[in-house]
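Taking it in order: structure first as structure tokens, then the write-up.
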Amino acid sequence: MAKLPDASTCYELLRQMALIRRFEEEAGRQYQRAKAGGFLHLAIGEEATIVGTTSVMREEDYLIGAYRTHGHAIARGTDPKRVMAELFGRVDGTSGGRGGSMHVFDHERRFMGGYGIVGGSLPIAAGIALASDYRSEDSVTVAMFGDGASNTGNFGETMNLAALWKLPVFFLVENNLYGMGTSVERHSAQTDLSKKAEGYGVSGERVDGMDVIAVREGVAEGIRKAREERRPTLLEAFTYRYRGHSAADPEVYREREEVEEWREKDPIETFAKRCIEEGVLGEREVQEVRDKAEQEVLAAVEFADASPEPPLDTLYESLYVLEGEGWYAVDERSPEPHRGEREEESMPEAARELAEAGAAYAGQPDGPRPNPAEQGDAQEGTEPEVAAEREEAG
Ligand SMILES: Cc1ncc(C[n+]2csc(CCOP(=O)(O)OP(=O)(O)O)c2C)c(N)n1
Ligand SMILES: [Mg+2]
């Protein structure tokens with residue numbers, strides 16, 4: 001077992017993990033009270049993986065996550081008040097209340113989001129690292145993503161370019177054993193995810209993601225290789241989320257005993273215990289950390305509650321659309337009907353259906369096209385209610 005660092009570092013690691021834990025518990029509670037809208041994905045249980053990683057990053061490094069990232073932002077230094085305000089959809093939120101739980105973003109602290117598309121953040125991570133290279137900066141980009149994301153095409157493409165272009169990027173797979181309700185054994189042919197990028201030239205290792213010190217050491221070495229050797233590597237951290245995938249998860253895919261087993265390895269409890277046993281922290285300090293977390297989170301709720309909702313006439317602000325390139329719903333910052341909507345009438349039938357289904361290539365020249373609405377995709381054969389439920393679980 002790796003040695004504990006000095007007392008102030010241990011205190012800070014514990015402080016951040018306890019704060020994130022308490023923040024997320026409260027976020028879950030506020031969601032139940034309908035204070036927070038949209039989706040809510042909690043990472044309770046994964047704090048050591050998050051804090052272990054950010055604790056060895058420099059200020060100038062970039063972090064990019066998936067959609068379970070309240071803790072990542074807080075660990076990067078974003079004020080919990082602003083994260084809570086984002087969950088509440090208020091103007092003082094990190095994305096002005098427009099992003100919600102999945103799209104926390106803090107450019108100032110180089111926390112680059114917050115992405116709802118599984119694997120979608122991976123090429124962006126490579127892009128950020130490429131930008132650092134272009135600017136001859138020393139920054140490293142750390143990309144944290146789930147086991148499920150390792151199955152996407154983006155994963156392979158990103159690994160290839162990262163290795164080929166020797167990008168200053170470091171990959172961390174938060175392997176919490178499931179992608180929604182599907183276990184790793186059922187979703188990945190290669191279950192040793194640390195090997196999954198080897199063929200692309202990105203070597204990997206495994207680490208206990210419940211041990212904040214082990215994560216720190218593994219990540220520090222990966223970041224060093226990225227910074228000094230321009231060698232991207234991948235670290236697979238074994239971790240676990242105690243709560244469901246999202247707030248709408250009935251958790252029929254795992255046994256209660258399994259959750260209990262992982263709770264026994266709780267990253268905060270085990271670390272606090274170890275710090276006390278080895279005489280690095282006292283009971284009093286551990287309690288102080290918990291009390292402070294409590295106060296900070298209650299203050300965050302108060303702040304979020306007092307923050308106004310965005311004014312209605314700003315509804316169309318910050319929307320990105322391509323002018324003159326096919327079907328779109330909005331082309332100005334005002335709520336009247338616009339060109340995209342008027343075009344609907346003259347569009348070929350198939351294109352309109354595709355457009356309604358959100359397909360990007362709708363509205364282009366006529367011709368036969370697949371129609372997910374009619375010909376079925378992943379939801380083929382499912383009853384509308386079931387499809388709607390799946391949507392819910394998103
Ligand atoms: C491209 C894409 N496909 C499917 C989904 C639906 N979806 C949302 S979360 C998720 C599971 C991802 O699991 P993992 O990457 O392991 O992350 P975790 O939720 O465990 O943190 C899926 C399939 C999505 N958001 N994006
Ligand atoms: Mg997962």
Side-chain angles (χ1 to χ4, degrees), residues 20 24 27-28 38-50 53 63-73 75 99-104 113-125 143-159 171-194 196-197 206-207 209-210 234-254 258-259 262 267 357-360 372 377-380 382 386-394:
I20 293 169
E24 291 228 291
F39 292 111
L40 187 83
H41 303 93
L42 301 175
I44 296 179
E46 303 186 7
E47 296 88 353
T49 300
I50 300 167
T53 301
L63 178 67
I64 189 164
Y67 46 82
R68 202 182 289 288
T69 56
H70 314 143
H72 300 67
S101 163
M102 291 201 283
H103 302 106
V104 178
Y115 291 88
I117 305 298
V118 172
S121 55
L122 286 165
I124 299 175
M144 296 178 79
F145 55 97
D147 46 285
S150 72
N151 297 320
T152 65
N154 274 329
F155 175 84
E157 294 185 27
T158 302
M159 295 301 152
F171 301 102
L172 189 132
V173 190
E174 303 164 300
N175 184 358
N176 59 10
L177 316 188
Y178 297 95
M180 292 182 82
T182 312
S183 65
V184 172
E185 295 73 30
R186 290 176 59 226
H187 76 58
S188 184
Q190 172 56 274
T191 52
D192 182 343
L193 304 185
S194 70
K196 214 163 168 177
R206 298 179 124 176
V207 75
M210 304 301 265
L234 175 150
L235 188 66
E236 178 187 16
F238 285 98
T239 182
Y240 201 78
R241 56 167 163 74
Y242 301 163
R243 300 279 179 101
H245 163 72
S246 69
D249 179 1
E251 293 183 67
V252 289
Y253 50 86
R254 63 184 188 184
E258 182 184 290
V259 183
W262 279 87
D377 53 7
Q379 295 182 356
E380 188 171 30
T382 50
V386 178
E389 267 176 35
R390 285 190 185 173
E391 276 286 305
E392 266 285 273

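Bear in mind that the values here come from a model prediction, so they are computed numbers and not experimental data. In each ligand, atom 1 is the first atom listed, and ligand 1 is the first ligand listed.
Using a cut-off of 2.8 Å, one finds that Asp147 contributes an N/O/S atom close to the Mg ion (ligand 2). Distance check for Asn175 against the Mg ion (ligand 2): none of its N/O/S atoms falls below 2.8 Å. Note on Asn176: counted as a metal contact of the Mg ion (ligand 2), an N/O/S atom lying under 2.8 Å.
Defined by atom type and a distance below 3.5 Å, a donor-acceptor pair is missing between the side-chain atoms of His41 and Ser101.
Atoms of ligand 1 lying under 4.0 Å from any heavy atom of Gly148, numbered from 1 in the order shown and given with element: 13 (O), 14 (P), 15 (O), 16 (O). The contact set between ligand 1 and Gly116, taken as ligand atoms under 4.0 Å from a residue heavy atom, comprises 24 (C), 25 (N). Of all the atoms in ligand 1, the ones that sit under 4.0 Å from a non-hydrogen atom of Arg68 are 18 (P), 19 (O), 21 (O). Each of the following atoms of ligand 1 lies closer than 4.0 Å to a heavy atom of Asp147: 15 (O), 16 (O). Atoms of ligand 1 found under 4.0 Å from any heavy atom of Tyr178, numbered from 1 in the order shown, are 16 (O), 20 (O).
If you look at Met180 next to ligand 1, the close heavy atoms, those under 4.0 Å, come from the backbone and the side chain alike. Of the heavy atoms in Asn176, only side-chain atoms (C-beta onward) come closer than 4.0 Å to ligand 1. Heavy atoms of Tyr67 found under 4.0 angstrom from ligand 1 belong exclusively to the side chain. With a 4.0 Å cut-off on non-hydrogen atoms, His245 touches ligand 1 through its side chain and not its backbone.
Arg241 has no carboxylate O lying under 4.0 Å from a charged side-chain N of Glu46, or vice versa, which leaves the two without a salt bridge.
Expressed to the nearest 0.5 Å, how far OG1 of Thr182 lies from NE2 of His187 amounts to 7.0 Å. Separating the CG atom in Leu42 from the NE2 atom in His70 is a distance of 6.5 Å, to the nearest 0.5 Å.
The two residues Glu47 and Ile20 make their nearest non-hydrogen contact at CG-CG2, 4.1 Å.
In summary, of the residues considered (Arg254, His245, Arg186), a side-chain contact (heavy atoms from CB on, under 4.5 Å) with Tyr178 occurs for Arg254 alone. Partner of Phe238 under the side-chain contact (heavy atoms from CB on, under 4.5 Å) criterion, out of Thr49, Val173, Asn175: Asn175 alone.
A donor-acceptor distance shorter than 3.5 angstrom exists from the side chain of Glu24 to the backbone of Ala43, with no hydrogens or angles considered.
The distance criterion of under 3.5 Å between nitrogen or oxygen atoms is not met by Ile117 with respect to ligand 1.
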field: Full working for side chain to side chain contact (heavy atoms under 4.5 Å, CB included) between Phe145 and Ile64
entry: CA-CA 8 Å; Phe145 55 97; Ile64 189 164; over 6 Å; no
